[in-house]
A.B. asks: 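Dumping the structure here so I can ask a few things about it.
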Protein chains: 2
Amino acid sequence: MTEEKDLFAEYLSRNNLRMTPQRGLILDVFLRTEGHITSEELYSRVKRKDRSIGQATVYRTLKLLSDAGLAREVDFGDGILRYEHDYAHEHHDHIICERCNRQIEVIDEGIERLQERLAKRHGFHLTGHRMYLYGICPECMKRKDRKGSLRKTGHTSG
Amino acid sequence: MTEEKDLFAEYLSRNNLRMTPQRGLILDVFLRTEGHITSEELYSRVKRKDRSIGQATVYRTLKLLSDAGLAREVDFGDGILRYEHDYAHEHHDHIICERCNRQIEVIDEGIERLQERLAKRHGFHLTGHRMYLYGICPECMKRKDRKGSLRKTGHTSG
DNA sequence: TATGATAATGATAACCATTATCATTTTATT
DNA sequence: AATAAAATGATAATGGTTATCATTATCATA
Ligand SMILES: [Mn+2]
Ligand SMILES: [Mn+2]
Ligand SMILES: [Zn+2]
Ligand SMILES: [Zn+2]
């Protein structure tokens with residue numbers, strides 16, 4: 001946590017930006033929050049510690065944290081950007097349950113390798129990727145056809 | 001093209017919806033347009049043939065076409081939904097160039113297989129996926145560091 | 001071929017996450 | 001202190017998409 005703060009401070013000074021109480025607080029709260037958090041959620045958490053904080057500052061800081069390599073944007077495709085820790089966190093992809101929205105983090109070295117090869121085969125230099133698997137989680141599998149909260153994205157039948 | 005129209009008609013009647021001149025025209029123009037088209041683009045094309053068409057109708061019809069299995073939503077992550085043909089078109093994924101936005105369609109059976117296995121390993125029943133690779137295309141590789149139109153998504157360094 | 005019932009259309013307003021604007025305040029440097 | 005540069009927070013704006021709603025078109029039936 002101190003290490004992350006140092007990294008952020010270094011990133012800021014390297015870019016002629018300034019460490020401020022707001023930025024420090026936002027980073028703190030972010031680091032204490034596991035999972036995939038929206039700017040809105042983070043804003044409401046930060047506001048509990050500093051009534052006067054502005055929502056725009058949270059948006060701005062989250063962007064800075066992403067550039068600094070401390071946060072990573074996660075886009076589940078529902079129109080709301082989420083953020084997760086990106087420092088000392090291994091890269092991973094996500095499986096999302098279309099029934100209950102449960103999300104788990106997964107990694108498959110084989111897939112990563114093949115992605116690299118696939119890009120190369122087409123002459124591309126691969127710099128990143130987004131991969132989201134959609135399905136039905138084990139729990140939802142048991143309680144059969146609860147058609148209740150289907151997500152209705154267009155990812156089904158890929 | 002007649003086959004697609006039949007499929008659409010069948011889908012509509014199956015859902016107690018009606019085939020209309022507007023829907024027919026929108027499907028026609030959509031089928032004649034290759035690539036990944038936005039609702040806006042399709043709207044302007046359709047409007048050339050029917051001045052009186054409404055933009056909402058294009059949005060609505062595109063959604064219907066997706067449900068009917070004739071169109072597929074493509075989300076490159078820039079906040080604009082695109083659509084591509086989905087009937088008699090093999091599933092594929094995309095590589096997008098971060099410099100010039102060129103996009104190519106790719107498929108890797110090995111990856112598809114591993115995705116299936118990865119989901120199963122976590123107890124999920126896989127229903128679909130989204131995979132976008134980001135990189136630098138061969139052309140942009142040659143004309144070095146044209147930092148011109150960098151996309152600035154957050155997908156880099158996956 | 002009128003008549004209801006239902007669905008579709010097009011114009012427009014609303015939505016909503018995110019960005020831009022800008023006056024004011026804070027911070028770093030002289 | 002004085003100055004310049006950057007950050008903040010309130011608020012307006014953005015822009016793709018969706019909701020609303022009065023009007024029109026379509027379908028089934030008599
Ligand atoms: Mn994650
Ligand atoms: Mn495609
Ligand atoms: Zn589930
Ligand atoms: Zn390129």
Side-chain angles (χ1 to χ4, degrees), chain A residues 8-27 29 36-68 71 73-83 151-154, chain B residues 8-27 29 36-68 71 73-83 151-154:
Chain A
F8 193 32
E10 184 190 341
Y11 167 84
L12 290 173
S13 80
R14 187 170 359 113
N15 290 83
N16 289 333
L17 304 173
R18 294 164 183 172
M19 177 56 89
T20 66
Q22 290 93 336
R23 286 173 178 172
L25 175 60
I26 290 168
L27 174 55
V29 175
H36 309 99
I37 192 173
T38 66
S39 183
E40 181 78 33
E41 286 163 2
L42 183 55
Y43 169 57
S44 83
R45 281 171 192 272
V46 169
K47 208 160 56 169
R48 291 210 279 272
K49 310 220 167 189
D50 177 356
R51 225 338 72 86
S52 74
I53 201 100
Q55 184 156 20
T57 301
V58 177
Y59 272 102
R60 287 187 286 236
T61 303
L62 235 16
K63 197 135 295 195
L64 288 174
L65 291 177
S66 298
D67 287 344
E73 297 183 352
V74 182
D75 178 5
F76 288 145
D78 62 353
I80 307 173
L81 263 187
R82 280 158 232 276
Y83 293 84
R151 273 169 54 89
K152 181 55 206 118
T153 50
Chain B
F8 193 32
E10 185 190 341
Y11 168 84
L12 290 173
S13 80
R14 189 171 357 113
N15 290 85
N16 290 332
L17 304 174
R18 296 164 182 173
M19 177 57 88
T20 65
Q22 290 91 338
R23 285 174 180 172
L25 175 60
I26 290 168
L27 174 55
V29 176
H36 310 99
I37 193 174
T38 65
S39 183
E40 181 79 31
E41 286 162 2
L42 183 56
Y43 170 57
S44 83
R45 280 171 192 271
V46 169
K47 207 161 55 171
R48 291 210 280 270
K49 310 222 166 188
D50 177 357
R51 212 5 47 97
S52 74
I53 202 98
Q55 184 157 21
T57 301
V58 176
Y59 272 103
R60 286 187 286 234
T61 303
L62 235 15
K63 197 134 295 195
L64 289 174
L65 292 177
S66 299
D67 287 344
E73 297 183 354
V74 182
D75 178 4
F76 289 146
D78 61 354
I80 307 173
L81 262 188
R82 280 159 232 275
Y83 293 86
R151 276 169 51 89
K152 182 54 205 119
T153 49

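Labels below follow one simple rule: chain letters A, B, ... track the order of the sequence lines, proteins then strands, and each chain is numbered from 1. Computed over heavy atoms, backbone and side chain alike; hydrogens, waters and symmetry mates excluded.
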A.B. asks: Return the angle between end axes of the helix from C/dT1-D/dA30 to C/dT30-D/dA1, with five pairs used per end and rounding to 10°.
C.D. replies: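 Overall, the helix from C/dT1-D/dA30 to C/dT30-D/dA1 bends by 20° from one end axis to the other.
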A.B. asks: Looking at A/Ile53, is its backbone amide N or carbonyl O close enough to the side chain of A/Thr57 to form a donor-acceptor pair, meaning the two atoms are under 3.5 Å apart?
C.D. replies: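 No, because the side chain of A/Thr57 does not come within donor-acceptor range (under 3.5 Å) of the backbone of A/Ile53.
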A.B. asks: Which heavy atom in B/Ile26 sits nearest to a heavy atom in B/Leu42, and how many Å separate them?
C.D. replies: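 Heavy atoms of B/Ile26 and B/Leu42 come nearest at CG2-CD2, 4.1 Å.
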A.B. asks: Could you go step by step and tell me if B/Arg45 and B/Arg48 meet the side chain to side chain contact (heavy atoms under 4.5 Å, CB included) rule?
C.D. replies: CA-CA 5 Å; B/Arg45 280 171 192 271; B/Arg48 291 210 280 270; 3.8 Å; yes
A.B. asks: Please name the pair of heavy atoms, one in B/Tyr43 and one in B/Gly54, separated by the smallest distance, quoted to 0.1 Å.
C.D. replies: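 In this case the closest contact between B/Tyr43 and B/Gly54 is CE1-C, 3.8 Å.
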A.B. asks: Out of curiosity, A/Leu65 CG to A/Leu27 CG, how far, rounded to the nearest 0.5 Å?
C.D. replies: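 Rounded to the nearest 0.5 Å, the CG-CG separation comes to 5.5 Å.
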A.B. asks: Donor-acceptor pair, B/Ser44 side chain versus B/Glu41 backbone, under 3.5 Å?
C.D. replies: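 Present.
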A.B. asks: Roughly how far, to the nearest 0.5 Å, is OH of A/Tyr83 from CD1 of A/Ile37?
C.D. replies: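 The CD1 atom of A/Ile37 sits 11.5 Å away from the OH atom of A/Tyr83.
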A.B. asks: In whole Å, I'd like the distance from the CD1 atom of B/Ile26 to the P atom of C/dG10.
C.D. replies: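 Distance check: B/Ile26 CD1 to C/dG10 P gives 8 Å.
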A.B. asks: Could you walk me through whether A/Val74 and A/Leu81 pass the side chain to side chain contact (heavy atoms under 4.5 Å, CB included) test, one step at a time?
C.D. replies: CA-CA 6 Å; A/Val74 182; A/Leu81 263 187; over 6 Å; no
A.B. asks: Who pairs with B/Arg82 by salt bridge (charged side-chain N to carboxylate O under 4.0 Å, His left out), at least two apart in sequence or on another chain?
C.D. replies: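 Checked B/Arg82 against salt bridge (charged side-chain N to carboxylate O under 4.0 Å, His left out); matches are B/Asp78.
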A.B. asks: Does anything in residues 15-25 of chain A reach DNA chain C, meaning a heavy atom under 4.0 Å, and if so which residues?
C.D. replies: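 Those residues are A/Arg18, A/Pro21.
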A.B. asks: Locate the shortest heavy-atom distance separating A/Gly77 from B/Asp75; write the atom from each residue and the value.
C.D. replies: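 Shortest heavy-atom contact: CA-OD2, 4.4 Å.
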A.B. asks: Spell out protein contact along nucleotides 16-23 of chain D as letters: B when the base is contacted, S when just the sugar-phosphate is, - when no protein heavy atom is under 4.0 Å; keep the 5' to 3' order.
C.D. replies: SBB-B---
A.B. asks: Report all side-chain donor-acceptor pairs from residues 12-23 of chain B shorter than 3.5 Å, counting only partners two or more places apart or in another chain.
C.D. replies:
residue : atom : partner : partner atom : Å
B/Ser13 : OG   : B/Glu10 : O            : 3.2
B/Thr20 : OG1  : B/Arg23 : N            : 3.1
B/Arg23 : NH1  : B/Arg18 : O            : 2.8

A.B. asks: Considering only heavy atoms from C-beta outward, does the side chain of B/Gln55 approach that of B/Glu40 to under 4.5 Å?
C.D. replies: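 The answer is yes; the side chains approach within 4.5 Å.
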A.B. asks: Can you list, by residue number, the residues of residues 45-53 of chain A that have a non-hydrogen atom closer than 4.0 angstrom to DNA chain D?
C.D. replies: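 Here the set is A/Ser52, A/Ile53.
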